[in-house]
> 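One structure, as structure tokens, below. Some questions next.
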Amino acid sequence: MRQSSRAAVAALAAATANAASLSDVCTVANVQSALPANGTILGIDLIPSAVTASTATSSPGGGFGGMMMRSDSDTYEYCNVTIAYTHTGKNDQVIVKYAFPSPSEFENRYYVAGGGGFSLSSDATGGLEYGAVGAATDAGYDAFSNSYDEVVLYGNGTINWDATYMFAYQALGEMTTIAKPLTRGFYGLGDDTKLYTYYEGCSDGGREGWSQVQRYGAEYDGVIVGAPAFRYAQQQVNHIFSATVEHTLDYYPPPCELAKIVNATIEACDPLDGRTDGVVSRTDLCQLHFDLKSIIGEPYYCASENFTSQGFGFSKRAEGSSTTYQPAQNGTVSAEAVAVAQGIYDGLHDSTGKRAYLSWQIAAELADAETQYDSTTDSWVLDITSIGGEYIARFVQLLDLDNLSDLDGVTYDTVVGWMDTAMFRYMDSLQTTLPDITDFHQAGGKIIHYHGESDNSVPTASSIKYWQSVREAMYADASYSDSVTEMADWYQLYLIPGAAHCGTNTLQPGPYPEDNMQTMINWVENGVKPSHLNATVSSGPYDGETQMLCQWPTRPLWSSNTTFDCVHDQKSLDTWNYTFDAFNITVY
Ligand SMILES: *[C@@H]1O[C@H](CO)[C@@H](O)[C@H](O)[C@H]1NC(C)=O
Ligand SMILES: *[C@@H]1O[C@H](CO)[C@@H](O)[C@H](O)[C@H]1NC(C)=O
Ligand SMILES: *[C@@H]1O[C@H](CO)[C@@H](O)[C@H](O)[C@H]1NC(C)=O
Ligand SMILES: *[C@@H]1O[C@H](CO)[C@@H](O)[C@H](O)[C@H]1NC(C)=O
Ligand SMILES: *[C@@H]1O[C@H](CO)[C@@H](O)[C@H](O)[C@H]1NC(C)=O
Ligand SMILES: *[C@@H]1O[C@H](CO)[C@@H](O)[C@H](O)[C@H]1NC(C)=O
Ligand SMILES: *[C@@H]1O[C@H](CO)[C@@H](O)[C@H](O)[C@H]1NC(C)=O
Ligand SMILES: *[C@@H]1O[C@H](CO)[C@@H](O)[C@H](O)[C@H]1NC(C)=O
Ligand SMILES: *[C@@H]1O[C@H](CO)[C@@H](O)[C@H](O)[C@H]1NC(C)=O
Ligand SMILES: *[C@@H]1O[C@H](CO)[C@@H](O)[C@H](O)[C@H]1NC(C)=O
Ligand SMILES: *[C@@H]1O[C@H](CO)[C@@H](O)[C@H](O)[C@H]1NC(C)=O
């Protein structure tokens, strides 16, 4: 029965060149017959009786919290399939949804979209616009309705390791491992037909993408990762760093004062890249040549407002915007505020001066440093971001709390210690910085890695650091320039001038890439290796301009208002090179 159904579909597809209709293939029986048999995927037992299949229509555009790159406005008919599996001998259950395009639209592709914050993507339809099967997994902890931070603890002190490994890398890897034979069987693909496998995501979706490259490398052909929230222990604890600087220096700047510092920095550093366009395309030159102290004494003013904070939509727990009142702020930039800004941009060091982590690039917004207004004392006070506070409470202190109540007694050494604890504890799950990705490379995989140069959440330099770690791990015997050239054959890194976290920046009207999947498909399927990344300016004086972005480690330098070159500038590159010697082990 199963054999004949699968064979029938295969025969149909082969004989009539994709003439099968969606309703022909979108049946429970066809999906059941395509499920990989127990014993064929180690550790995974599929449950045929749980299969559902029905036709559905996708809704246009959307995506998860701006982390997905999907922007099309088309709708697609597809086969909405759910399957369930259990881990051999475990009696658990994982549900996966797949969206199969109509046979006439299927282009032998499979596509995984990343999530963001503490969520995996719950939308399986992201691949339809590329003629690709898409998928989403509930990861065994009902990830369609729970975000991972809600389930990481069973209670105070008890970590849910199953959920942790599933969120960290396993759920997506299993989803893809099952998807490949399932897709082949569903459409009756012959053994000689390649099924191209893609991944695309930003922020935690970027981390998730790297988790796949590192752990399931041979499964993927093309991976697009933006602003990855990897080096997870350092990345998440770092969200408490800005507040710690304020607490340590005992100065809580009004938000307007910090905003003025950022604006003045942008204005001063904008021309250093050769063009005055409101964009700091070279934060390295800004770091080398601009002194924040020159802003001291400049006036700032912000009208009173009822401010609606969206946060980063990072945690479901902290979701839902909150409205706070900010009084008018009128003053001049103080030395104290500049010291706070400088301390933040310098990055975390321990009390002996050893570096623990890197920071946001100068000219990036100081988002985590925002203070809150206390109307009872008419003053600005500490505001611990819930991103950092919750991570430290739950993942480091293992307490079922959403935030830290204060920073009493917290020093820079305390923060280093939190990073150290989390790095050790989650080294083989969430840390996601294994630098040897030979399996992926040897299987022919390609990576486009991008990062906004003014990202205010995941520091831009954290991507550079990982690129360096991969280069050093995999090309230890090659010269610097040979290793750079060879790595660019399969792993390319691009910084996006002025861009914020996984999107454009309201303070800098710079370019942003919109067609990364086209570029990747062309690279994977047609062998067209990119040399630049296509990005378009969508606001400001150069609205509509296309900029073919420079590939790291070259840097942009405008020679006129219309032309830039991608130059090699060692002094600038050196500003991106960090060693985290506050830790006693290598941090990749
Ligand atoms: C595979 O194993 C699962 C779990 O034991 C079971 O529910 C399922 O029926 C098995 N599949 C087949 C085709 O026997
Ligand atoms: C897909 O199928 C599942 C299982 O029947 C159902 O719960 C879900 O609502 C369907 N989704 C869409 C978009 O039709
Ligand atoms: C967990 O620990 C926190 C902090 O000590 C405490 O406030 C809370 O009551 C504890 N929860 C339970 C269920 O004991
Ligand atoms: C900073 O610049 C933005 C626009 O670029 C403006 O909306 C904002 O009011 C400025 N803030 C301050 C404090 O100057
Ligand atoms: C803020 O909201 C309060 C209460 O709703 C209102 O009285 C006040 O006028 C608002 N202020 C501004 C600047 O919008
Ligand atoms: C800000 O304060 C200065 C000095 O006190 C004053 O001259 C100026 O009018 C104030 N600006 C606004 C917009 O209130
Ligand atoms: C986290 O806790 C701090 C200190 O109690 C508080 O100021 C802040 O508003 C809290 N943040 C959130 C998002 O709950
Ligand atoms: C760059 O991307 C835009 C937006 O997707 C597209 O319209 C344009 O054709 C692309 N240009 C190049 C040179 O690839
Ligand atoms: C380049 O742009 C700047 C700022 O918009 C303008 O002042 C300058 O005249 C332009 N240069 C040329 C050569 O057009
Ligand atoms: C980065 O700095 C370290 C230590 O100063 C040095 O050994 C290394 O060669 C530098 N790496 C690059 C790529 O410049
Ligand atoms: C590294 O080792 C030194 C010397 O034993 C110690 O003082 C320091 O606390 C260690 N650092 C961390 C992050 O554990």
Side-chain angles (χ1 to χ4, degrees), residues 1-6 28-52 82-96 140 174 177-178 181-182 185 253-271 276-280 292 294-310 326-334 337-338 340-341 362-367 369-371 373 380 454 456 497-500 503-510 537-543:
M1 183 62 197
R2 301 179 63 207
Q3 273 311 104
S4 65
S5 165
R6 183 194 292 218
V28 168
N30 186 40
V31 174
Q32 285 173 335
S33 73
L35 284 181
N38 289 350
T40 60
I41 301 179
L42 189 66
I44 289 178
D45 293 333
L46 288 137
I47 303 167
S49 58
V51 166
T52 73
T82 61
I83 63 136
Y85 68 90
T86 184
H87 292 102
T88 304
K90 193 160 186 180
N91 260 323
D92 59 345
Q93 181 162 300
V94 182
I95 293 170
V96 187
E174 291 175 349
T177 306
I178 296 166
L182 180 62
C256 190
E257 191 175 26
L258 284 184
K260 176 66 190 188
I261 291 173
V262 171
N263 282 3
T265 303
I266 292 169
E267 196 182 341
C269 291
D270 170 8
T276 302
D277 54 2
V279 180
V280 183
L292 286 173
S294 65
I295 306 171
I296 295 170
E298 285 201 29
Y300 63 82
Y301 175 77
C302 295
S304 71
E305 69 178 315
N306 289 318
F307 178 75
T308 303
S309 160
Q310 305 287 358
Q326 290 191 349
Q329 299 152 66
N330 184 9
T332 54
V333 172
S334 63
V338 164
V340 164
I362 189 167
E365 268 188 284
L366 296 163
E370 182 140 318
T371 51
Y373 181 65
W380 296 91
S454 284
N456 60 17
T504 52
N505 183 348
T506 52
L507 298 181
Q508 299 183 48
V537 178
S538 58
S539 65
Y542 293 95
D543 190 2

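Remember, it's 1-based here, ligands and their atoms both numbered in the order they're listed.
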> Please name the pair of heavy atoms, one in Ile296 and one in Val338, separated by the smallest distance, quoted to 0.1 Å.
CG1-CG2, 3.7 Å
> Within the structure, does Asn263 bring an N/O atom to less than 3.5 angstrom of an N/O atom in ligand 4?
yes
> Show the atoms of ligand 1 that are less than 4.0 angstrom away from any heavy atom in Asn38.
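Contacts of ligand 1 toward Asn38, numbered from 1: 1 (C), 2 (O), 3 (C), 8 (C), 10 (C), 11 (N), 12 (C), 14 (O).
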> Give the numbers and elements of all ligand 4 atoms closer than 4.0 Å to a heavy atom of Cys256.
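Those qualifying, in numeric order: 13 (C).
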> Any sub-3.5 Å donor-acceptor pair from Glu257's side-chain atoms to Ser334's backbone N or O?
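Judged by distance alone, yes, a pair lies under 3.5 Å.
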> Return yes if a side-chain donor-acceptor contact under 3.5 Å exists between Asp45 and Thr86, otherwise no.
no
> Count the heavy atoms belonging to other residues, nucleotides or ligands that lie under 6.0 Å from CG of Asp543, then report whether that count exceeds 12.
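For Asp543, atom CG is crowded (more than 12 foreign heavy atoms under 6.0 Å).
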> Write out the residue and atom name of the closest protein heavy atom to atom 4 (C) of ligand 4, then the distance separating them to 0.1 Å.
Leu507 CD2, 4.1 Å
> Please name the residue in the list Val96, Ile47, Asp92, Leu35 that meets the side-chain contact (heavy atoms from CB on, under 4.5 Å) test with Tyr85.
Val96
> If you compare all heavy atoms of Thr504 against all heavy atoms of Ser538, which two are closest, and at what distance to 0.1 Å?
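So the minimum-distance heavy-atom pair works out to CG2-OG, 4.2 Å.
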> Any protein heavy-atom neighbour for atom 2 (O) of ligand 6 (distance below 4.0 angstrom)?
yes
> Quick one: closest heavy-atom pair of Lys260 and Val333, and the distance?
CG-CG2, 3.7 Å
> Would a 4.0 Å cut-off, counted as strictly less than, catch a protein heavy atom around atom 7 (O) of ligand 6?
no
> At less than 4.0 angstrom from any non-hydrogen atom of Asp45, what atoms of ligand 1 do you find?
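Reading through ligand 1 atom by atom, the close ones are 1 (C), 2 (O), 3 (C), 4 (C).
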> Side chain, backbone, both or neither: which part of Thr86 comes within less than 4.0 Å of ligand 1 when only heavy atoms are counted?
side chain
> Show me which atoms of ligand 1 lie under 4.0 Å from any heavy atom of Pro48.
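Under 4.0 Å from Pro48, ligand 1 has these atoms: 8 (C), 9 (O), 11 (N), 13 (C).
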> If you look at every heavy atom in Ala328 and Ser304, which pair is closest and at what distance?
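Heavy-atom minimum between the residues: N-CB, 3.4 Å.
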> Considering the heavy atoms of Cys302, write down every atom of ligand 4 situated less than 4.0 Å from one of them.
13 (C)
> Could you check atom 14 (O) of ligand 6 against the protein and tell me its nearest heavy-atom contact, residue, atom and distance included?
Asn330 ND2, 3.6 Å
